Amino acid sequence: MTKQSPPIAIAIHGGAGTIVREQMSLGLQSEIEQALSDAAQAGYKVLADGGDALDATVEAVKVLENCPHFNAGHGSVLTHDEMVEMDASVMHGRKRDAGAVAGVKYVANPIMLARDVMLHSPHVMLLGEGAQAFAKSLDYQFVEQDYFFTERRYEQLQSMKEKGLFALSESRYPDDKKYGTVGAVALDMDGNLAAATSTGGVTNKKFGRVGDTAIIGAGTFAENSTVAVSTTGMGEYFIRQTVASDVAARMRYLDEPMSVSCDTIIHGELKEMGGEGGLIAMDSQGQHHFSMNSSGMYRAVITPSGDLEVSIYAT
Ligand code: ASP
């Protein structure tokens with residue numbers, strides 16, 4: 001009898017929001033689908049080579065950070081002051097180790113810095129100038145703000161400024177709330193779950209605003225016995241609802257199936273508060289669940305049987 005190899009799997013997202021078929025050109029859609037597929041495969045390769053779940057999530061997120069279509073790294077949205085300030089976090093499920101950065105301005109891949117905070121500092125979260133100094137101590141190459149600048153994000157910012165909105169949306173139109181934060185969850189051969197999330201935040205943000213993506217328990221959570229979760233949506237609500245760790249808590253204390261915990265939060269309490277968005281989750285068997293209360297979420301999965309699925313719309 002051949003011994004069955006342990007399951008491995010990865011799921012990723014590129015943000016949730018009002019993603020409408022009629023507003024999406026075929027060209028853009030196929031570029032986005034390609035990037036999602038590339039990201040999932042980059043992460044899966046790490047897992048298939050026997051690598052750690054956290055490294056798999058970081059590899060997948062890096063691909064999306066480098067793609068201008070997503071609100072993270074290169075394609076980050078702009079602050080009120082026309083700058084990019086990025087947040088990112090990671091969590092490893094074995095010992096619940098975690099790392100996070102907030103308000104980072106000159107690092108091309110903040111997700112790598114978040115992992116380095118976890119691995120090479122005694123802290124969990126580093127902020128702004130301090131995070132930059134930490135990056136420097138590890139010999140990171142800094143990039144100019146110009147690297148992050150895209151015409152699309154500049155137009156979105158101008159439109160938000162004209163409307164006088166604090167604009168908790170990256171979108172061009174107030175009703176058209178696209179987010180575009182990126183994240184990944186994975187299960188490796190050793191049974192480790194991990195989660196990683198990275199974002200430019202929300203367009204026109206002011207005063208050093210930090211969202212859920214930098215906050216362990218809100219935007220990112222992983223614990224081997226229950227679940228790994230990465231979220232996307234209006235961060236203020238996800239923080240107040242501690243969405244990511246609440247999924248794990250419901251599974252742990254109520255013994256709920258993962259999908260029930262996710263949907264109860266996303267379609268119930270979060271939605272009632274006014275929080276739009278979604279999450280990706282993976283359990284210790286490599287089963288995944290996508291949950292969203294918006295019309296779409298860019299997402300992909302490679303299941304334990306090795307099948308790749310890429311989707312955008314909720315239905
Ligand atoms: N959650 C992110 C934030 O509030 C936004 C997003 O998901 O796109 O910063």
Side-chain angles (χ1 to χ4, degrees), residues 12-19 32 36 61 64-65 67-80 83-90 100-105 110-111 114 125 127-128 148 150 152-153 156-157 160 165-172 176-185 195-221 229-246 265-266 270-271 273-280 290-299 312:
I12 63 163
H13 71 79
T18 310
I19 306 171
I32 287 174
L36 292 168
V61 165
L64 300 175
E65 283 180 335
C67 173
H69 294 314
F70 301 97
N71 172 20
H74 184 40
S76 289
V77 298
L78 300 179
T79 67
H80 186 75
M83 296 288 283
V84 160
E85 290 177 6
M86 298 163 289
D87 304 334
S89 65
V90 299
V101 292
V104 167
K105 291 185 188 158
I111 201 67
M125 185 192 272
L127 176 68
F148 303 104
T150 58
R152 177 167 158 249
R153 299 303 188 199
Q156 286 169 341
L157 176 65
M160 284 304 174
L165 292 175
F166 288 162
L168 300 173
S169 155
E170 66 159 273
S171 113
R172 186 173 251 230
D176 173 23
K177 301 194 193 77
K178 294 192 184 68
Y179 300 106
T181 286
V182 307
V185 290
T197 318
S198 179
T199 191
V202 289
T203 301
N204 206 13
K205 63 183 181 181
K206 287 183 183 174
F207 310 124
R209 179 265 189 196
V210 174
D212 58 322
T213 303
I215 297 177
I216 298 301
T220 302
F221 192 79
V229 178
S230 169
T231 72
T232 169
M234 200 63 74
E236 280 65 13
Y237 296 93
F238 283 70
I239 293 171
R240 287 153 61 207
Q241 187 66 34
T242 53
V243 168
S245 61
D246 208 22
I265 296 164
I266 294 291
L270 186 77
K271 196 170 177 189
M273 287 170 87
E276 189 186 10
L279 60 77
I280 59 175
F290 296 125
S291 187
M292 74 208 83
N293 63 32
S294 50
S295 58
M297 179 167 72
Y298 302 118
R299 60 200 187 277
I312 294 182

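In this text the structure is predicted, and so the values were computed from the model without any measurement. Each ligand, and each atom within it, is numbered from 1 in the order the structure gives.
- When only interatomic distances are considered, the shortest N/O to N/O separation between T199 and ligand 1 does not fall below 3.5 Å.
- At a heavy-atom distance under 4.0 Å, no atom of K205 approaches ligand 1.
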Using the rule given for side-chain hydrogen bond (donor to acceptor under 3.5 Å, both in side chains), can you reason through T181 versus T199, listing the C-alpha separation, both sets of side-chain angles and the distance that settles it, and then say yes or no? CA-CA 5 Å; T181 286; T199 191; 2.5 Å; yes

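- Between the side chain of T242 and the main chain of I239, no donor-acceptor pair closer than 3.5 Å is present.
- A donor-acceptor pair under 3.5 Å is formed between the side chain of D87 and the backbone N or O of G103.
- Scored by the side-chain hydrogen bond (donor to acceptor under 3.5 Å, both in side chains) test, S230 finds H13, T197 as partners (sequence neighbours excluded).
- Residue contacts with ligand 1, taken as heavy atom pairs separated by less than 4.0 Å, involve T213 solely via side-chain atoms from C-beta onward.
- Checking only distances, G201 never comes within under 3.5 Å of ligand 1, N or O to N or O.
- Residue nearest to atom 4 (O) of ligand 1, selected from R209, M86, E236, M234: R209 (by heavy-atom distance).
- The option with the heavy atom closest to atom 6 (C) of ligand 1, from among T197, T181, V182, is T181.
- The closest donor-acceptor contact from the side chain of D212 to the backbone of A218 lies at 3.5 Å or more, if one exists at all.
- Per-residue contacts place D212 under 4.0 angstrom from the following atoms of ligand 1 (heavy atoms of the residue considered): 1 (N), 2 (C), 3 (C), 4 (O).
- Residue T232 approaches ligand 1 through these ligand atoms, each under 4.0 Å from one of its heavy atoms: 6 (C), 7 (O), 8 (O).
- Interface atoms of ligand 1 facing G233, defined by a heavy-atom separation under 4.0 Å, are 1 (N), 2 (C), 3 (C), 4 (O), 5 (C), 6 (C), 7 (O).
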Worked check of side chain to side chain contact (heavy atoms under 4.5 Å, CB included) between T220 and V90: CA-CA 7 Å; T220 302; V90 299; 5.6 Å; no

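- Taking distance alone, with nitrogen or oxygen atoms compared against 3.5 Å, T231 stays at or beyond that limit from ligand 1.
- For the pair R209 and E85, the salt-bridge criterion is not met [side-chain N within less than 4.0 Å of a carboxylate O].
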